[in-house]
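It should be emphasised that the depicted structure is a prediction, and the values quoted were computed from it without experimental measurement.
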Amino acid sequence: MPMPSKRRSALAPASAEAYTPPDTSSASEDEGSLRRPVRLASTPLQSHPSVQPWLGQAGQGSSTSSSASSTSSHPGGSPAAALAGPAALAHIDLHADPPDVTTGLGQPRHAYRERPQPASGRGAPRAGSGSVLETAGGVPVNSRVSSKIQQLLNTLKRPKRPPLKEFFVDDFEELLEVQQPDPNQPKPEGSQMAVLKGEPLAASTAWPPSLLAALRQWGTTQPRAPCLTALDTAGKATCTLTYGKLWSRSLKLAYTLLNKLTSKNERLLKPGDRVALVFPNSDPVMFTVAFYGCLLAELVPVPIEVPLTRKDAGSQQIGFLLGSCGVALALTTDACQKGLPKAQTGEVATFKGWPPLTWLVIDGKHLTKPPKDWHPSAQDVGAGTAYIEYKTSKEGSTVGVAVSHASLLAQCQALTQACGYAEAETLTNVLDFKRDAGLWHGVLTSVMNRMHVVSVPYALMKVNPLSWIQKVCAYKARAALVKSRDMHWSLLAQRGQRDVSLSSLRMLIVADGANPWSISSCDAFLNVFQSRGLRPEVVCPCATSPEALTVAIRRPPDLGGPPPRRAVLSMGGLSHGVIRVDAEEKLSVLTVQDVGQVMPGASVCVVKVEGTPYLCKTDEVGEICVNSSTAAAAYYGLLGITKSVFETVPVTVAGAPVSDRPFTRTGLLGFIGPDDLVFVVGKLDGLMVVGARRHNADDIVATALAVEPMKFVYRGRIAVFSVTVLHDDRIVLVAEQRPDASEEDSFQWMSRVLQAIDSIHQVGVYCLALVPANTLPKAPLGGIHISETKQRFLEGVLHPCNVLMCPHTCVTNLPKPRQKQPEVGPASMIVGNLVAGKRIAQASGRELTHLEDSDQARKFLFLPDVLQWRAHTTPEHPLFLLLNAKGTVTSTATCVQLHKRAERVAAALTEKARLSAGAHVALVYPPGLELIAAFYGCLYCGCVPVTVRPPHPQNLATTLPTVKMIVEVSTSACVLTTQAIMRLLKSKEAAATVDVRTWPTILDTDDIPKKKLGSIFRPPSPDVLAYLDFSVSTTGILAGVKMSHAATSALCRSIKLQCELYPSRQIAICLDPYCGLGFALWCLCSVYSGHQSVLVPPPELESNVSLWLWAVSQYKARVTFCSYSVMEMCARGLGAQTAVLRTKGVNLSCVRTCMVVAEERPRIALTQSFSKLFRDLGLPARAVSTTFGCRVNVAICLQPNRLGKLAEQGTAGPDPTTVYVDTRALRHDRVRLVERGSPHSLPLTESGKILPGVKVIIAHTETKGPLGDSHLGEIWVSSPHNATGYYTVYGEEGLQADHFSARLSFGDTQTVWARTGFLGFLRRTELTDASGERHDALYVVGSLDETLELRGMRYHPIDIEASVIRAHRSVAECAVFTWTNLLVVVVELDGLEQDALDLVALVTNVVLEEHHLVVGVVVIVDPGVIPINSRGEKQRMHLRDGFLADQLDPIYVAYNM
């Protein structure tokens, strides 16, 4: 397994095998997935949303099933039983001969073959030609289609025939693989458990009637008795609060709250109002005063943590809780208030998500002494809420648990009875006194029993982990309240401490005894401290939950507790929710200790976690439920979840309720063991259900810690949680890495952790991340804030320093790879389409013959003739204006000037270079008029021009080889260029990259003498080669196409008619002039149509982004052309500057059409954002439109002007339409139209109106048969301006014949078509053209060469890339390709390098979720690394070669396992 590499490491040098073409299978299909049981899915077709009535109500066939590859999803044919009723008639078997419906017996299934023609004497021609055929019965019919329809109509008279098999199979195998339950998994075998009742709550007369009564009693009768001792970080007692002081201070506070807080002469607080208590963990005294003061004033205290910063972990959720409780007042101390973050006014800052609060400092000097006769009227009994404790759920949401006065009193009484608390006992409390057991024992029960509590703050524990033991010893404490962490810390610090004794303890209460790994801390602690007086029976683990308060606690034998027990349980059994005792020496076991007996007065049962709360069996793990007067009452203000948690009614298997009183769910998972002891094996919050099995986060943390953690990661700083990816929980483990651990060490540790978790828990970890020390969000008293960590992981702000993703092993529920079925013959396709009432997908532009005087077309057959004619008739008419970056006109050309310049070039070619007609000449010029003049100069002397982009002086190494290659491949005999470029081509720098001695003759045309040409060459026929058009495709293939004179003039004529170009027009062009439509618009169209072109070279935009828009506005161009890269530069560079542009006078209201020239799927998001951004400058909403061309035909679609007068004249087409298609269907080569906003929908906009004289048809990529409307196939084009073939040195005629002279295999087999290499579909819209015909829209989906074949499906890189770019704001750009059989995603990071690793998990998640693909490698690079050509298209193959040759200098490479 390769290690992930950061920037300093180098990838292994790529071997020859690394360059093998990508395999089509995906690496995620391991052998295991092939053995999974296959389910036969057979869904009745009427469940599909797009059904069409077909032959009345005969049956319904899905209108979206594509003939492109209608593969059967039912390997054995769908069982007839699944398809009942008339709808079943729509299922016609694709892979058999059309069944003979008259007999109702389908033929045996076999691959479809054309049926041999009946050997009749007439020699019947091919079907489809419309001549008479014979059917099997010898009855002559017009064609096979009508016989089928006749047979179907006959069948309808007898409806009870067996159903037709499917004709179109809409195989949405997108059904994720459902994990089949393991037949050998353990199942519970015990009997149904009974409800377990605790001992009765003793009704002792000595107990006060309420907690406040107790406080009053002790405060008046025993005022000097110590109540609470607070310690500082040195361990010294800072303050001892006596019962008298507690009583008097609480009274003062209650009086102040009730009488001194007024606003507009009204009391601010009413009985029952909620008040926030904000006290640090080091100040138990003030907290206790505030708590009792609120109870005396009949207010409801809501204790929360002190906010340290404006954005604490989970702080926003606390704010939500305060808001929902209606808290308007917060009590705090002077010192604490000074430490809170302040706003500029000096007031306490408003925290994110918090309601506005009034802060009240309750130190003595701020309170008012009540009059002697004042007594609080507090009624602290009954069902009213006493206090609200906050609880954070697994998802991070915070709720308030409301505890009533009655529950509070019952809890104190039950704890007193269970723990045997007596008056004047001392209790050492290490827990947080604001909530949970720390509050119940250390603030409430202690006051009821007049106990003395010594509170040990967290800050002291961090400095001196032994402090609590020293305090037990010093105060001869009888009870101590700790967590297993405190025991673990004191173990590490105890060496050398000889003088401590724990003999005074009768109870050491372990508050997190329900945590499965507390047992190891208890054992180790006992082991060490038994010699210091600690008796084994003193250790008392307990289980608590915010909803049920104390659930169970172990009692010492003198309080009637049974001997402690432990259970060694099989992890495998637990993951299936079953208890199986195992041998202790095994690794895959969990040892748990009991948490004692049920609380006095409570009943307990265990119910199933999900669904109806049925009682569990005795050997089954479930959720522990409690029915007790001590449980909390509700989630404050949340009635819905309160009902499901606090009012559960457990039922027996028969469905009978076990009790007439409701139970409270505790959120603890466990079982009842021998001696009626309660065992807890985990918490519902830590439960992760992966596949069908349950795993507990704490268990996985324990396993990770067992792998020598101390060297590499911090013990207490590991978080485990699950994230949902692809409809299943995936386990994520995040740990803090020690600063001294090397990357290799950490990676080794991560690998071992993965193996350990896999072998012990039989579950894969989806993502393992290491973050730098001290960067995980902390919970208030140490530990990790899990939900905040999860939130950061999902938002991509965790900033790990090491990541290991294992999606290949974890994700086992991917859909089955698509199996390609034998293709359907082209004839059956047509039959199927006709039977389904679909037309064959073909469309054409307007007829050329009707549009223009054919004499003029003949006269304009050769462009050199046109230029001479214009120079003669309109010599001073301006044709070209060239702008520089400042917007000044650097050069212009009228008809006669261009003619004369061309003559000079022609003379130089014949005299200096001694070239004869037919020689090829490379034109290496920057965008400008020299290029145009040189082009016509070549035509004047009969040479064939080849336009070549000049090399970039700063980037010779990558740009010069392309120039050299085009010059060589085109067999150019001469290179025409400028002096500056000529020097560059022969320079030393160039010699380092290419062999400069092998250049052909290089002529510079900067100052050639004025010479008149004797005679201008006239080609013998229009089919003679006019020029060569070379371009590098996105797949990295250099392809040159041949354009004849006839094709060149036909191209210009089509563009002239479509865009209505006349000599009076001005158009602005911001395109590269080297190939495709950009070259045609720059060099050819102005000469042919006579309009004036304002030329804006795209390189000039690098120094002045607004140049193009300024030029359009300045010259009031109605029509303008640009590329996607230009549009993107404007959108990015000028988006925020529209106001500045407006002040500079830029106004785009003149624009009728702005066309984006591209050879790709229209980029809807970019065109829409461009339209919106520049709407402020007057750009009409519908002006931006797209075009489509490709190598075989550079202009297939152009959206013409469609605003203003032209629309009235009837020449304009309808607005381009946008449809939404299902991406999942596209992967199966189908088009399924869905509504906007549907899941998995992809917007596609039509590529423009088809040019005059152009015919388009959609053909099947393999059978080459014609396809129906809205079916995905290859776009084929036939037009007078098709290129005549590829130009290659070796004349690979096979390639040329296939692409340029293809014929359909069925139907119209005479027309010669050119294959565009693009997938798309035609759709007849409801709109009408100018001619009144229904408008046919052409939608381009993507290049066939670029598609990725993965898992048997066809993916378009742009779709995967769009998902990745959406995944995180730091993703600037993205490109994908395959390497061997892995999907590689290259991401450009627009952010800090330390954020790079955040992207790995997000990229993997989004591709899994949206495309059902496992990413093999994630490569994170700097912005600008992904190569983009001049048209703004990504060069994915160049990127792939760079990746394999290790030339990308990546920030990080992650290999997903």
S.K.: For the backbone of Val1254 and the side chain of Ser1279, can you confirm whether one donor and one acceptor N or O come within less than 3.5 Å of each other?
M.R.: no
S.K.: Establish, from distance only, whether the side-chain atoms of Asn1193 and His1281 form a donor-acceptor pair under 3.5 Å.
M.R.: yes
S.K.: Which of these, Leu883, Asn884, Leu881, sits in a side-chain contact (heavy atoms from CB on, under 4.5 Å) with Thr890?
M.R.: Asn884
S.K.: Using modelled atom types only, decide if a donor and an acceptor are shared between the side chain of Arg901 and the backbone of Ala934 within a distance under 3.5 Å.
M.R.: no
S.K.: I need the minimum non-hydrogen distance between Val963 and Pro950, along with the two atoms involved.
M.R.: CG2-C, 4.3 Å
S.K.: If the test is side-chain hydrogen bond (donor to acceptor under 3.5 Å, both in side chains), which one of His899, Gln868, Glu903 qualifies with Tyr940?
M.R.: His899
S.K.: Do the non-hydrogen side-chain atoms of Pro875 and Thr894 ever get within less than 4.5 Å of each other?
M.R.: no
S.K.: Do Val1194 and Leu1051 have side-chain heavy atoms sitting under 4.5 Å apart?
M.R.: yes
S.K.: Salt bridge between Glu1160 and Arg1163, side-chain N to carboxylate O under 4.0 Å?
M.R.: yes
S.K.: Of all residues at least two apart in sequence or in a different chain, which pass the ring pair (Phe, Tyr, Trp, His ring centres under 6.0 Å) check with Tyr1027?
M.R.: Phe935, Phe1079
S.K.: What residues, two or more places apart in sequence or in another chain, satisfy side chain to side chain donor-acceptor pair (under 3.5 Å) together with Ser1086?
M.R.: His1091, Ser1093
S.K.: Could you check whether any side-chain N or O of Ser970 sits under 3.5 Å from a backbone N or O of Ile966, counting only pairs where one atom can act as donor and the other as acceptor?
M.R.: yes
S.K.: Give the intermediate values and the outcome of side chain to side chain contact (heavy atoms under 4.5 Å, CB included) for residues Cys1122 and Val1157.
M.R.: CA-CA 6 Å; Cys1122 70; Val1157 173; over 6 Å; no
S.K.: Can Asp1029 and Arg1191 be said to form a salt bridge (charged side-chain N to carboxylate O under 4.0 Å, His left out), step by step?
M.R.: CA-CA 9 Å; Asp1029 182 335; Arg1191 291 284 68 206; 3.0 Å; yes
S.K.: Where the side chain of Ser1054 meets the backbone of Pro1252, is there a donor-acceptor pair that is under 3.5 Å apart?
M.R.: yes
S.K.: Could you check Ile1067 against Val1094 for side chain to side chain contact (heavy atoms under 4.5 Å, CB included), going step by step and ending with a plain yes or no?
M.R.: CA-CA 6 Å; Ile1067 70 170; Val1094 178; over 6 Å; no
S.K.: With side chains defined as the heavy atoms from C-beta onward, is the minimum distance between Leu915 and Cys941 less than 4.5 Å?
M.R.: no
S.K.: Test your reading of the model: is there a side-chain donor-acceptor pair from Arg1053 to the backbone of Thr1048, 3.5 Å cut-off?
M.R.: no
S.K.: Work out which heavy atom in Pro1097 is nearest to a heavy atom in Leu882; give both atom names and the distance.
M.R.: CG-CD1, 3.8 Å
S.K.: Do the side chain of Thr874 and the main chain of His877 share a donor and acceptor less than 3.5 angstrom apart?
M.R.: no
S.K.: Walk me through whether Lys1011 and Glu911 qualify under salt bridge (charged side-chain N to carboxylate O under 4.0 Å, His left out).
M.R.: CA-CA 11 Å; Lys1011 278 230 173 166; Glu911 290 168 20; 2.9 Å; yes
S.K.: Does Phe1030 form a side chain to side chain contact (heavy atoms under 4.5 Å, CB included) with Cys1075? I'd like the steps, not just the answer.
M.R.: CA-CA 6 Å; Phe1030 272 88; Cys1075 61; over 6 Å; no
S.K.: Can you find a pair of side-chain heavy atoms, one from Phe1174 and one from Cys1130, that are under 4.5 Å apart?
M.R.: yes
S.K.: Would you give the length of the straight line joining atom CG of Asn1429 to atom OG1 of Thr962, rounded to the nearest 0.5 angstrom?
M.R.: 11.5 Å
S.K.: Got a second to check how far Ser1106's OG is from Leu1134's CG, nearest 0.5 Å?
M.R.: 5.5 Å
S.K.: Could you tell me whether the side chain of His1335 reaches within less than 4.5 Å of the side chain of Glu1246, counting heavy atoms only?
M.R.: yes
S.K.: Can you tell if the side chain of Cys1154 reaches within under 4.5 Å of the side chain of Met1127, non-hydrogen atoms only?
M.R.: yes
S.K.: Spell out, as yes or no, whether a donor-acceptor pair under 3.5 Å connects the side chain of Thr1284 to the backbone of Lys1042.
M.R.: yes
S.K.: What are the two closest non-hydrogen atoms of Val921 and Ser972, and how far apart are they?
M.R.: C-OG, 4.0 Å
S.K.: Is Pro1162 close to Thr1167 at the side-chain level, that is, under 4.5 Å between some pair of heavy atoms?
M.R.: no
S.K.: Rounded to the nearest 0.5 Å, how far does CD1 of Ile1275 lie from OG1 of Thr1316?
M.R.: 5.0 Å
S.K.: With no hydrogens and no angle check, just 3.5 Å: does a side-chain donor-acceptor pair link Thr1005 and Tyr925?
M.R.: yes
S.K.: Suppose we screen for side chain to side chain contact (heavy atoms under 4.5 Å, CB included). Which residues come up paired with Pro878, at least two apart in sequence or across chains?
M.R.: Gln1092
S.K.: Thr1120 and Trp1108: side-chain donor and acceptor closer than 3.5 Å?
M.R.: yes
S.K.: Provide the closest heavy-atom pair for Cys1059 versus Phe1121 in the form atom of the first, atom of the second, distance.
M.R.: SG-CZ, 4.2 Å
S.K.: Mind checking the OG1-CD1 spacing from Thr978 to Ile981? Nearest 0.5 Å is all I need.
M.R.: 3.5 Å
S.K.: Run Glu1060 and Tyr1062 through side chain to side chain contact (heavy atoms under 4.5 Å, CB included) and show every step you take.
M.R.: CA-CA 6 Å; Glu1060 295 168 325; Tyr1062 308 115; 4.0 Å; yes
S.K.: So is Lys964 actually on top of Trp999's ring, under 6.0 Å and inside 45° of the axis?
M.R.: yes
S.K.: Grab the two heavy atoms, one from Leu923 and one from Leu931, that are nearest each other, plus how far apart they are.
M.R.: CB-CD1, 4.0 Å
S.K.: Strictly by modelled atom types, are Tyr1287 and Thr971 linked by a side-chain donor-acceptor pair under 3.5 Å?
M.R.: yes
S.K.: With rounding to the nearest 0.5 angstrom, report the CG to OG1 distance, Leu1198 to Thr1153.
M.R.: 10.0 Å
S.K.: Do Val1087 and Leu879 have side-chain heavy atoms sitting under 4.5 Å apart?
M.R.: yes
S.K.: Taking the six-membered ring for Trp, are Tyr1286 and Phe1300 closer than 6.0 Å centroid to centroid?
M.R.: yes
S.K.: Return the CG to SG distance between Leu1077 and Cys1197, rounded to the nearest 0.5 Å.
M.R.: 11.0 Å
S.K.: For the pair Thr1187 (side chain) and Val1156 (backbone), establish whether a donor and an acceptor sit closer than 3.5 Å, ignoring hydrogens and angles.
M.R.: yes
S.K.: Has the side chain of Glu1100 got a donor or acceptor atom that lies under 3.5 Å from a matching backbone atom of Gly887?
M.R.: no
S.K.: At their closest point, which heavy atom of Val1096 faces which heavy atom of Ala1111, and how far apart are they?
M.R.: CG2-CB, 4.0 Å
S.K.: Donor-acceptor pair, distance only, cut-off 3.5 Å: does the side chain of Thr947 make one with the backbone of Tyr1074?
M.R.: yes
